[in-house]
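Inspection log for the structure reproduced underneath, given as C-alpha cells.
Residues: numbered from 1 along the sequence shown. Ligands are counted one by one from 1 in listed order, and the atoms in each one are counted from 1 as well.
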Amino acid sequence: MKKVTILGSTGSIGVSALDVIEKNPDRFQVVALAAGRNITLLHKQIEKFRPEIVAVADYKRACKLRDLLPAKLKIKIVGDKEGLNEVASFSAANIVISAISGAAGLIPTLTAIDAGKEIALANKETMVMAGEIVTKNARKRGIKILPIDSEHSAIFQCLQGQKRKHLHRIILTASGGPFLNYSREKIATVRLADALWHPNWKMGKKITIDSSSMMNKGLEVIEARWLFNLDIQKIDVLIHPQSVVHSMVEFIDGSVIAQMGIPDMRTPIAYALTYPERINNNLPYLDLLKIKNLEFRKPDMNKFPCLRLAYEAAICGGTMPVVLNAANEVAVEAFIRKKINFIDLPGIIDRVMNSHKSSDASCLDDILQVDEWARQNTNNIIERNIS
Ligand code: MG
C-alpha cells in the first residue's frame, strides 16, 4: 500500500490524482492533503479519503474547516506556510504529489525532499526556479523525482531501458493552444475568456493562460533541462495540435521513440504513482483510426514570444529563469484581473528580464530574493502602464 500526500488537492491535478487513488483503493491510501482556499471541495475530499492531516492557506480557513468536520473525526487541521510544510514532511507518507500551482509549490516540495519523500512532480515552477537545488537535494537523499507533466512523463517513459550516451535530443510537443492559427493582429485582440479555453486539455487557470501564450512550453523546456540533465540545445519543441504524441526522444542512430495516448492527466499521474508498474486506469484507449492524422509544425516565436523568452532565460541560466517565472506569474495574475491585455504579457516579462543581471542560483535565499525583486518590478511596470 502506497501512502500518498497531495499538495494542491483541490486543483486540477489534485482532483485527477484523487480519482486515480479512489479507483485503486488496494494500492493507495491518502494520508495528508494540502489545499488553498476551496474549503467546500476540501471538506468533501476529507470526508471521502479520511487523511490524518490537512493544511489550508491560513488559520482562519483552518478554523472554518475544523468547524465543518465532526469532532469525532481525528484529523489534524493546520494552516499557513508552517502547516503546509508539516503536511509536506508528514511522516506516514511514501510519496508526495507536488501539485500546487506556481512558485508557492517550491518550499513545500523542497521540504518533502528533505523529509525523504519520493516526489511526483506536477509543479514545473519548482524546477524552473530552483532546478539545481531540487535535483542536488534529491540526488543527495537518493530520492526519485517522477514527472507528472504529460510531456516529461512521456520523455521519462521513452528513456526507460535506454542508455544515456545514445540520446541525441528530446522533442517536447505542444498543442499550440487556442491561438495557434491566429494572426499576430488577431492575437492582439484576444480577451480573457479566449485565453481560458484550451482545445485539448482541461486545466487550472494559470496553466491554461500559460498554454495560450506558450509560456507553458517554455517553462517545460526549463523543467526538462533539470529533470533529464540536458543542455538546452538538446531540447526542441514541435507544435502537434492533436495532443496525441505527448513527447519524443531521438537517439543517435536516428530512431525516434514517442509516447502516445489520449490527453488525460490521469495516465501520467498513475504512472508516477505506480512506476515502474502500470495499472489499468479504466480510461478509453487511444483510437488512432478516429484521429487519422498527426500533424507537426515549427513553433512561431514571433507570434508566441513567451517561448522565445523562456529559451533566452534558460540559455542565460542562473537566476534568469526565476525572473522569467516571477514576472510571468505576476503578469498572468494581472491579465486574469483584467488590468492588462494578453498581448502585453511578453513585453512586460521581457522588460523585467532586461533589468536583471543573472547570478548564481545554487542558494535558496538568493532565489527567493530575486523572485521577490522580480515580482515587485513587474508590479511597478504594470502599475506605470495603467496610470
Ligand atoms: Mg505539460
Side-chain angles (χ1 to χ4, degrees), residues 8 11-17 20 97-103 105 109 119-129 131 134 145-159 170-180 195-228 230 232 235-249 258-273 283 286 296 299 304 306-307 310-311 314 321 324-325 328-329 332:
S12 169
I13 294 288
V15 169
S16 293
V20 171
I97 300 179
S98 166
I100 292 175
S101 165
T109 305
I119 306 291
L121 186 73
N123 172 280
K124 62 197 73 175
E125 292 85 352
T126 287
M127 279 300 190
V128 172
M129 293 175 74
V134 171
I145 297 182
L146 300 149
I148 282 184
D149 209 347
S150 61
E151 295 77 0
H152 304 75
S153 175
I155 302 288
F156 183 66
Q157 293 182 53
C158 295
L159 287 173
I170 66 171
I171 302 157
L172 300 178
T173 54
S175 70
F179 310 139
L180 176 62
L196 281 175
W197 180 84
H198 195 279
N200 303 338
W201 295 93
K202 232 187 126 328
M203 306 175 287
K205 261 186 192 173
K206 196 244 170 194
I207 186 172
T208 305
I209 291 169
D210 283 348
S211 296
S212 297
S213 69
M214 288 201 71
M215 179 57 93
N216 183 52
K217 208 51 52 181
L219 299 176
E220 287 180 354
V221 167
I222 304 173
E223 182 187 9
R225 180 252 172 278
W226 290 110
L227 272 176
F228 306 112
L230 289 169
I232 291 296
I235 308 172
D236 281 331
V237 171
L238 272 187
I239 302 281
H240 167 48
Q242 290 80 13
S243 295
V244 166
V245 174
H246 296 314
S247 278
M248 301 174 254
V249 176
Q259 188 263 344
M260 297 193 268
I262 61 163
D264 191 307
M265 287 310 292
R266 286 171 291 186
T267 307
I269 290 169
Y271 190 66
L273 289 178
L283 295 172
L286 175 65
F296 299 94
F304 299 102
C306 284
L307 180 57
Y311 265 105
L324 171 92
N325 180 65
N328 181 58
E329 275 191 35
V332 166

Does K206 come within less than 4.0 Å of E125, counting only side-chain N to carboxylate O? yes
Shortest-distance N, O or S atom of E220 relative to the Mg ion (ligand 1): OE2
Would you say the side chain of S12 lies within less than 4.5 Å of the side chain of M265, judging by non-hydrogen atoms? no
The Mg ion (ligand 1) - name of the N/O/S atom of D149 that sits closest to it: OD1
Report the relative orientation of the aromatic rings in Y271 and F156; use parallel for angles under 30°, tilted for 30 to 60°, perpendicular for over 60°. perpendicular
Which pair of heavy atoms, one from I97 and one from A17, lies closest together, and at what distance? CD1-CB, 3.7 Å
Could you check which N/O/S atom of E151 is closest to the Mg ion (ligand 1)? OE1
